[in-house]
Amino acid sequence: MEQFKLKSIDELDLEFVSQTRSKPVGSAAEHKSLIPEISKEKPAEKQAEPEQPLYFSKSYAPAETATYAPKPSEPAKKARPLVPIGQSVSSYTPEGIGADDEEDLDFSKGNYGEVRIETQEKAKLGKGALAGKIISIVLLVSTVIVFVLGCFVSVFLDNNGSDIGGICFNTMGQDIETLGVSEGDLIISKKAEIGEYTSGALIAVPRPNGVGCDIQSVSYVNSVSDTDAELATTAMVNGVGYSNTVMVSSCYGIVSSYVPALGGLLSFAMQNAILVCVLFVLLAAFWCLILVLIGRSAKSEKEPKEPKTKKAKKD
């Protein structure tokens, strides 16, 4: 039963000391180190193997006897020019696109391999819209100028010698073939000093009956005073000339020029003032409407649309 008896700590220490002393001195078990020794021998150098290219698929791997040859260098491609901010289409042409194609690339959406087809019809529409706009503006301005000038001239037309800056406007009352004027022409005359009324001068005189004026030729000056003078003239009535006398103060001045048919048109406009004013307003509104329609059509053309594209040509 002693072998199953529990030993105290002192007994265990004595037993351990006795066992240690009983072992031979200098044994291998006593001097054996728990740390393994590091080998000091140098490993044999391995020969460097040539680098082989990597292949992602066995089907593309070359045979064992094939040698790797680098791809010959290609000439540098022309760099694509930068596109300014706000510009959607560049004039850059990639390889494979000839100069005869005259097609632009759309870089705004990254379509570097697609070419936008610019049709000639769109260019013609742009030129036509611009021409129509210019014509409409010119006609609108002309309408306004004619209306303003007509109103201005009508104030002094056939107004008993009323003038502006010495210039009188009158309507020709009859045809005079020898002078080349006709009934309804606008006669423009300028009042002058007494000494300027010389022989052969053409003067505008009031008609004996009716509205407008006649043209007579000065034959000579009868008498002259400080403020007035009496002129002997030759008048034409139905192609026949007769002598007449006219006072300088009563005539409309020396004829300087005339405008065919304008006097008759202005006389008609004055007699139908309301109708003519409405006509000019409608005409001006019409030209404004044409300008608005042209502007809207041009704006709709500028709206972004999906362009018809085709793939770039390949070499």
Okay, side chain of D185, backbone of V181: is any donor-acceptor separation there less than 3.5 Å? no
Okay, side chain of D175, backbone of E183: is any donor-acceptor separation there less than 3.5 Å? yes
Which atom pairs, donor and acceptor, lie under 3.5 Å between side-chain atoms of residues 277-294 and protein residues at least two apart or in another chain?
| unit_1 | atom_1 | unit_2 | atom_2 | d |
| --- | --- | --- | --- | --- |
| W287 | NE1 | T143 | OG1 | 3.3 |

So do the side chains of [X] and [Y] get within less than 4.5 Å of each other, counting heavy atoms only?
| X | Y | value |
| --- | --- | --- |
| Y220 | S199 | no |
| I187 | M172 | yes |
| L179 | L202 | yes |
| L231 | N222 | no |

Taking [Y] as the starting point, is it possible to reach [X] by hopping between hydrophobic residues whose side chains are less than 4.5 Å apart?
| X | Y | result |
| --- | --- | --- |
| V146 | I137 | no |
| I145 | I135 | yes |
| V248 | I254 | yes |

Quick check for you: to the nearest 0.5 Å, what is the distance between N170 atom CG and R207 atom CZ? 11.5 Å
State, to 0.1 Å, how close [X] and [Y] come at their nearest heavy-atom pair, and which atoms those are.
| X | Y | answer |
| --- | --- | --- |
| C213 | A204 | SG-CB, 4.4 Å |
| S249 | D228 | OG-OD2, 2.8 Å |
| Q174 | M236 | NE2-O, 2.7 Å |
| S162 | C168 | O-SG, 3.9 Å |
| Y197 | C251 | OH-SG, 3.8 Å |
| A229 | I194 | CB-CG2, 3.6 Å |

Just jot down the ring pair (Phe, Tyr, Trp, His ring centres under 6.0 Å) partners of Y258, sequence neighbours excluded, or say none. none
Apart from L266 itself, its cluster of hydrophobic side chains linked below 4.5 Å comprises F152, V153, V155, F156, L157, I164, I167, F169, L186, I188, V259, L262, M270
Just checking, is any N or O donor in the side chain of S217 or T234 under 3.5 Å from an acceptor N or O on the other one? no
For atom CZ of F16, is the number of surrounding heavy atoms from other residues, nucleotides or ligands below 6.0 Å larger than 12? no
Using the side-chain contact (heavy atoms from CB on, under 4.5 Å) definition, which of the options T233, N244, V205 pairs with D214? V205
Assess the residue pair I203 and V218 against the criterion (side chain to side chain contact (heavy atoms under 4.5 Å, CB included)); give the C-alpha distance rounded to whole Å, side-chain angles, the decisive distance to 0.1 Å, and a yes or no. CA-CA 7 Å; I203 61 174; V218 177; 3.9 Å; yes
